[in-house]
Amino acid sequence: MQQLVNTLLGGLTLGMVYAAFALALVLIWRSTRIVNFAQAPMAMVTTFVALRIIEGGHSYWLGFAAALVAGLVLGAVVERVLIRPVEGKAEINAVILTLGLFIVLHALAAVVFGNRYRSFPAAFGIRGIEVGDTTIALTGFGIFTIVAVLVVMGLLVLLFRFTDLGLRMRAAAFNQEVARLLGVRVGRMLTLGWALASLVGSLAGLLIAGGSLVHPGYMDAVVVYGFVAAVLGGLDSPAGAVVGGLLLGLSLSLVSGYVGSQLVALAALAILMAVLLLRPQGLFSQARERRV
Amino acid sequence: MLEVRELSTSYGAVRALQEVTFTAPRGEVTAVLGANGAGKTTLLRTITGLVRAQSGSASYDGRELTRTAPELMPGLGIAHVPEGRGVITELTVEENLRLGGLGRGGRVRPEELERIYELFPALADRRAALAHVLSGGERQMLVLGRALMAEPTVLLLDEPSLGLAPRIVAQLFELLQSLVVEQGLTVLLVEQNARSALSIAHRGVVLSLGRVVVDERADVLAGDDQLRHAYLGF
Ligand SMILES: Nc1ncnc2c1ncn2[C@@H]1O[C@H](COP(=O)(O)OP(=O)(O)OP(=O)(O)O)[C@@H](O)[C@H]1O
Ligand SMILES: [Mg+2]
């Protein structure tokens, strides 16, 4: 019983991070139909920015905030400089550019920050909380992870559902031409979308890094899980990405706890294949027609 | 007054518009007719800048439009309802309408939405529904209502009757006519359905292979058997 609770708690925490990462992928996919393969190294770079600041003697929170801002800026710059010039061309061009960016950021990080493993601090305790005389697998940092992701998701929901800017962003994502004719500055909306996605990716990066080791490739496995979670939820649906992330986190945690941790990557692949075969539109996408 | 002067547009080697010239007077409906591929859609898209003009101009009250970005059109009072209607199906009915109002700049007031719901009561019952569930006729009302939210002075409509039952088309055109009378709208009405279009239009411009072949008063055009047979097929 205790093992099950612990496994599920671990899965929940991990699932929240996958959810955030999947959300970052979905935000970009639904507006530009691009899978941003560079999402992981972009998050990695911003985590190293945080690490520099923290190692320079500043507080964890300053580093945390700086990484998020760096994520925002990096996302906007990538869209403007790299993606915009190939807008309207075959989507494969942009996808290949993000793959290129993946390699470039890796190489740059290795040069600037070094290629070794370094420990990244956590804001809160990373030891299990004690309930009575047993310790459960929920840490202070785990709670922070869950809350942070929930807060960011809540803010995104508020932005997209209840503000004029959010309405413009959605219009630009769903139908660029009609949005333009209605006065929406589509280019700006796409830049903002990339910036926000990159910020969410950075958050995921910081949460993965907290209390563990970072190196230029530390996010690369997460991008795979984030992608599986996004596909699980239906690439088009932000809510689906969140549910997909949670489901994946819980499933992988169960596999790791009861079957064997070496099988986690295989299990993720099996889930991906099952979804693609049985319900390619994802669990939560209603697979709406896109245009009339 | 909407003035189109020697407007030419090409898609590579395809010359879709060749020195098209005509004017659409303020407060009138000008029907743009012609066979499939005549260049009607291209004409509207060139006017609002979705397609780059090769040469010539289109201006409204002296303000050049073809070299102005499409996203500035609502601010100039120009509303373009594209072919195939352009409902954003992933948004709700009300979100589509609000979006129309945002184009003008500033916030959307509830009264403005109510005014549209009064005009199209069918939309009022579906305001929270995704536009995806609307019928063809309801979608046409939605895009027209959305265009009106920006309080335009010029309406460019690309085949609004496409796929609608004759009774709905009649209702739609009647409403359009009353809007023109009440609000002094300038309307460029692209239509395949020449007979209906001419019944509410003041003028008819017929395009053929990218050129203006007829520019005539609507009643004259509709009453001239030779012209009708040659270009309009009714
Ligand atoms: N994007 C494009 N690329 C290349 N050629 C195009 C493009 N759009 C239109 N054309 C060509 O330009 C010509 C005019 O097309 P347009 O769509 O303006 O005609 P239309 O009068 O609106 O026809 P319909 O009544 O069928 O809607 C046609 O020969 C068409 O094939
Ligand atoms: Mg057309």
Side-chain angles (χ1 to χ4, degrees), chain A residues 26-33 84 87-89 156-193 233-241 281-282 284-292, chain B residues 44-45 47-51 68-92 94-108 130-136 138-140 142-143 146-150 152 155-156 158 162-163:
Chain A
V26 165
L27 286 178
I28 286 175
W29 169 263
R30 75 168 184 166
S31 63
T32 43
R33 302 277 128 183
R84 183 68 59 89
E87 252 266 307
K89 310 241 164 57
L156 285 177
V157 169
L158 287 181
L159 170 70
F160 282 120
R161 286 279 146 208
F162 299 108
T163 70
D164 290 345
L165 178 63
L167 180 56
R168 287 195 179 96
M169 289 183 73
R170 282 189 292 149
F174 294 136
N175 195 331
Q176 292 198 9
E177 186 167 296
V178 169
R180 289 187 80 190
L181 286 175
L182 294 174
V184 176
R185 310 282 180 129
V186 171
R188 280 186 209 172
M189 296 304 123
L190 296 185
T191 307
L192 187 55
L235 265 172
D236 253 334
S237 153
Q281 74 274 38
F284 301 92
S285 162
Q286 293 105 311
R288 285 179 214 131
E289 79 201 281
R290 285 194 58 81
R291 236 154 258 185
V292 184
Chain B
L44 296 194
R45 293 173 63 83
I47 291 174
T48 50
L50 286 173
V51 171
T68 309
E71 44 269 56
L72 300 179
M73 290 299 135
L76 298 174
I78 317 272
H80 177 179
V81 178
E83 193 171 13
R85 306 204 180 94
V87 159
I88 301 185
T89 53
E90 294 91 340
L91 301 180
T92 66
E94 182 142 321
E95 284 170 340
N96 268 282
L97 290 178
R98 293 180 61 82
L99 196 60
L102 290 176
R104 201 192 40 217
R107 302 194 66 82
V108 176
L130 285 177
H132 168 66
V133 305
L134 298 186
S135 72
E138 289 165 340
R139 286 178 192 214
Q140 193 55 58
L142 179 55
V143 285
R146 190 177 66 189
L148 293 174
M149 281 294 290
L155 256 183
L156 310 177
D158 200 340
L162 195 75

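Every chain is numbered from 1 and lettered A, B, ... according to where its sequence line falls, protein lines coming before strand lines.
The part of B/Ile88 that comes within reach of chain A is its side chain, from C-beta onward, which places non-hydrogen atoms under 4.5 angstrom from that chain. B/Leu102 touches chain A through backbone and side chain together, each having a heavy atom under 4.5 Å away.
Atom-to-atom distance recorded for B/Ile78:CD1 and A/Leu181:CG is 11.5 Å, nearest 0.5 angstrom. Between the CZ atom in B/Arg104 and the CG atom in A/Leu182 there is a gap of 12.5 Å [rounded to 0.5 Å]. Here B/Arg45 contributes atom CZ and A/Glu177 contributes atom CD; the two are 4.0 Å apart, rounded to the nearest 0.5 Å. Rounded to the nearest 0.5 angstrom, B/Leu50 CG and A/Arg180 CZ are separated by 6.5 Å.
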Just do the side chain to side chain contact (heavy atoms under 4.5 Å, CB included) check on B/Val108 and A/Asp164 with the steps written out, would you? CA-CA 9 Å; B/Val108 176; A/Asp164 290 345; 5.8 Å; no
Determine, stepwise, if the pair B/Val143 / A/Val178 fulfils side chain to side chain contact (heavy atoms under 4.5 Å, CB included). CA-CA 10 Å; B/Val143 285; A/Val178 169; over 6 Å; no
Evaluate the criterion side chain to side chain contact (heavy atoms under 4.5 Å, CB included) for residue pair A/Arg170 and B/Leu91; output intermediate values, then yes/no. CA-CA 8 Å; A/Arg170 282 189 292 149; B/Leu91 301 180; 3.6 Å; yes
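Taking a 6.0 Å sphere around CZ of A/Arg84, one finds it holds more than 12 heavy atoms contributed by other residues, nucleotides or ligands.
Residues A/Arg168 and B/Leu99 come closest through the heavy atom pair CA-CD1, 4.3 Å. Counting all heavy atoms, side chain and backbone alike, A/Gly183 lies closest to B/Pro74 at N-CG, 3.5 Å.
Most heavy-atom pairs under 4.5 Å with chain A, from the set B/Arg107, B/Met73, B/Arg98: that is B/Arg98.
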